[in-house]
Amino acid sequence: MNYWLMKSEPDVYGWPKLVADKRGRWDGVRNPIARRNLMHMKVGDRAFFYHSNIGKEVVGMMEIAREHYPDPTDKTGKWVAVDVKPLAPAKTPATLAAIKAEPRLKEMALVRYARLSVQPVTPAEWKLVCRMAGLEP
DNA sequence: GCCAACGTTGGC
DNA sequence: GCCAACGTTGGC
């Protein structure tokens, strides 16, 4: 199983909306590296939901529910979307500040490539962030 | 194919 | 609101 982190601005599409919807489409990604990551996702992979801009914290855990398919919001046919399902909310959201303060998370893509909206997470990083967020890994 | 100008993301 | 980092565009 692979682990990921996906960012969304909560005032555009936030965790509570995904929970209410029970399932969501992760679309609108327009960055080649993020696209490559989307294309590597398999059903059953886990992903953190990160609130960018407002909150700046990991607020929950999701599961990939459908592998990549053409993004319906994209006319060019170049970009892809995946479907996600919420699994569990963070009991104590893991903030960017806390993640940056943890030396073992120095190499995390969230820290190193701040602008990448879909990023891989290593198993070690996954465990640590889960612990910080009060999530079952 | 290079690179300057410009646009966007996202933290602060 | 600012700006650093980075991606994209377009002239050459």
Side-chain angles (χ1 to χ4, degrees):
Chain A
M1 185 196 299
N2 287 308
Y3 301 107
W4 310 93
L5 181 146
M6 301 164 90
K7 293 184 188 177
S8 182
E9 297 186 32
D11 52 355
V12 177
Y13 191 91
W15 172 258
K17 179 82 164 76
L18 177 63
V19 170
D21 290 349
K22 302 250 185 2
R23 183 178 171 122
R25 186 177 70 214
W26 209 275
D27 57 22
V29 171
R30 297 292 184 270
N31 172 284
I33 300 170
R35 173 177 177 272
R36 195 183 63 201
N37 290 332
L38 286 177
M39 294 184 77
H40 281 139
M41 291 179 177
K42 299 288 179 202
V43 169
D45 279 0
R46 301 287 168 89
F48 289 130
F49 193 125
Y50 176 84
H51 279 171
S52 60
N53 264 313
I54 301 164
K56 286 166 283 181
E57 54 194 9
V58 171
V59 290
M61 184 192 290
M62 310 181 277
E63 183 178 50
I64 306 306
R66 181 180 170 191
E67 283 161 31
H68 68 91
Y69 56 95
D71 182 342
T73 70
D74 165 43
K75 301 267 194 297
T76 70
K78 197 180 151 190
W79 303 102
V80 300
V82 299
D83 286 356
V84 295
K85 281 191 303 193
L87 283 184
K91 293 194 186 86
T92 52
T95 65
L96 179 63
I99 288 167
K100 281 186 165 173
E102 169 54 68
R104 286 171 292 175
L105 296 175
K106 261 203 166 61
E107 297 300 311
M108 224 183 141
L110 187 64
V111 178
R112 293 188 61 184
Y113 311 102
R115 286 180 49 195
L116 183 59
S117 63
V118 180
Q119 31 179 277
V121 175
T122 68
E125 291 164 351
W126 183 263
K127 269 188 204 153
L128 261 169
V129 174
C130 279
R131 196 169 304 155
M132 292 164 72
L135 285 160
E136 283 296 318

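What you see is a predicted model; the values in this text were computed from it and never measured. Chain naming here is simple, since letters A, B, ... match the order of the sequence lines and numbering starts at 1 in each.
Atom OH of A:Y50 and atom P of B:dG11 are 4 Å apart (whole Å). Rounded to whole Å, atom P of B:dT9 lies 13 Å from atom CG of A:L116. In this structure, the NZ atom of A:K7 is 9 Å from the C1' atom of B:dG11, given to the nearest Å. One atom, CD of A:E57, and another, C1' of B:dG10, lie 15 Å apart when rounded to the nearest Å. We find that CG of A:N31 is positioned 14 Å from P of B:dT8, with the value rounded to whole Å. Straight-line distance from the CD1 atom of A:I54 to the C1' atom of C:dG1: 15 Å, rounded to whole Å. Between A:M6 atom CE and B:dG10 atom P there is a gap of 13 Å when expressed in whole angstrom units. Following rounding to the nearest Å, A:R112 (CZ) and C:dC6 (C1') show an atom-to-atom distance of 15 Å.
The A:R115 side chain lies nearest to C:dC6 when the options are B:dG10, C:dC6, C:dG7.
Residues A:K17 and A:D21 are paired through a salt bridge, judged by an N-O separation under 4.0 Å between the basic side chain and the carboxylate.
At a non-hydrogen distance threshold of 4.0 Å, nothing from residues 101-108 of chain A comes into contact with DNA chain B.
Between A:K100 and B:dC12 there is a side-chain N or O to OP1 or OP2 distance below 4.0 Å.
Ring orientation note: the planes of A:F48 and A:W126 are close to parallel, at an angle under 30° on the 30°/60° scale. Relative ring orientation between A:F49 and A:W15 is described as perpendicular, the plane-to-plane angle rising above 60° on a 0-90° scale split at 30° and 60°.
Neither A:Y50 nor A:V118 shares a network with the other; the hydrophobic side chains, linked directly or stepwise wherever heavy atoms of I, L, V, M, F, W or Y lie under 4.5 Å apart, form separate groups for each.
The heavy-atom pair separating A:A81 from A:P72 by the smallest distance is CB-CD, 4.5 Å. Closest approach of A:M61 and A:R46 over heavy atoms only: SD-NH1, 4.0 Å.
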